[in-house]
Amino acid sequence: MLRSLVGSEMCIRDSINAEYGQPQFVASGSRDKNIFIYNLAQGGQMTMSLDQHENWIRCVAFTASGKHLISCADDGLLLVFDLVAKRMLRKIAVSYTHLTLPTKRIV
């Protein structure tokens with residue numbers, strides 16, 4: 001094992017690292033309805049937690065700049081977070097659950 005990231009208490013459903021703007025960050029989403037952001041340059045330290053979903057998180061994806069994170073969950077919501085300002089920008093309700101993001105790279 002290269003590194004253990006501590007945070008989620010339940011099964012992690014998805015994880016992704018930022019490939020472009022801030023590649024030292026990793027995000028995970030899980031059944032405990034939380035998203036955790038880890039900084040690999042700081043030894044995997046958790047730098048942010050987001051808890052706005054009301055059901056299992058299915059997918060997380062960074063934007064190309066690495067400044068925003070998009071998540072989808074079984075609560076029927078797509079959430080867009082500004083990681084610099086550490087706040088949610090948008091909440092988009094959809095008419096079905098069990099969402100997935102089509103790719104890991106979001107422009």
Side-chain angles (χ1 to χ4, degrees):
M1 177 184 337
L2 295 176
R3 184 168 290 149
S4 177
L5 304 175
V6 179
S8 180
E9 296 179 11
M10 299 186 80
C11 175
I12 293 175
R13 299 287 305 173
D14 195 19
S15 65
I16 183 78
N17 73 298
E19 296 179 36
Y20 302 107
Q22 301 181 42
Q24 75 270 21
F25 290 101
V26 171
S28 71
S30 70
R31 292 181 181 177
D32 65 6
K33 309 172 198 168
N34 291 303
I35 298 168
F36 296 106
I37 311 291
Y38 301 93
N39 187 333
L40 299 179
Q42 296 178 351
Q45 178 181 355
M46 185 192 323
T47 59
M48 189 182 316
S49 64
L50 307 166
D51 63 355
Q52 285 85 350
H53 278 293
E54 297 176 9
N55 208 327
W56 291 4
I57 295 169
R58 295 286 176 172
C59 301
V60 291
F62 287 97
T63 58
S65 69
K67 294 180 181 178
H68 297 91
L69 182 84
I70 300 170
S71 63
C72 61
D74 285 353
D75 55 10
L77 296 174
L78 289 172
L79 301 181
V80 181
F81 298 95
D82 181 330
L83 299 176
V84 176
K86 298 184 178 183
R87 67 182 183 95
M88 184 174 54
L89 290 178
R90 299 191 85 184
K91 180 187 288 189
I92 303 165
V94 294
S95 61
Y96 55 91
T97 60
H98 300 292
L99 295 170
T100 57
L101 295 173
T103 65
K104 294 292 182 184
R105 295 182 185 175
I106 306 293
V107 177

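Position 1 is the first residue of the sequence; numbering continues from there.
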If I take atom [atom1] from residue [X] and atom [atom2] from residue [Y], how far apart are they, to the nearest 0.5 angstrom?
| X | Y | atom1 | atom2 | result |
| --- | --- | --- | --- | --- |
| Ile35 | Ser71 | CD1 | OG | 3.5 Å |
| His53 | Asn34 | NE2 | CG | 10.0 Å |
| Cys72 | Asn55 | SG | CG | 12.0 Å |
| Ser28 | Ile37 | OG | CD1 | 7.5 Å |
| Arg58 | Asp74 | CZ | CG | 4.0 Å |
| Ser49 | Tyr38 | OG | OH | 9.5 Å |

Exercise. Looking only at heavy atoms, which two atoms of Asp82 and His68 are closest? And how far apart?
Worked result: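 In this case the closest contact between Asp82 and His68 is CA-CD2, 3.8 Å.
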Exercise. Any idea which heavy atoms bring Ile57 and Gly29 closest together, and the distance?
Worked result: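 Where Ile57 meets Gly29 most closely, the heavy atoms are CG2-CA, 3.8 Å.
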Problem set entry | Check: Lys33 and Asp75 side chains under 4.5 Å, non-hydrogen atoms |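 Asp75 does not reach Lys33 side chain to side chain.
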Problem set entry | Test side chain to side chain contact (heavy atoms under 4.5 Å, CB included) applied to Gln52 - qualifying residues, sequence neighbours left out |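 Testing Gln52 for side chain to side chain contact (heavy atoms under 4.5 Å, CB included), a comparison that skips the adjacent residues, returns Leu50, Leu79, Phe81, Met88.
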Exercise. Checking side chain to side chain contact (heavy atoms under 4.5 Å, CB included) for the pair Leu83/Phe62: CA distance, chi angles, key distance, verdict?
Worked result: CA-CA 10 Å; Leu83 299 176; Phe62 287 97; 3.5 Å; yes
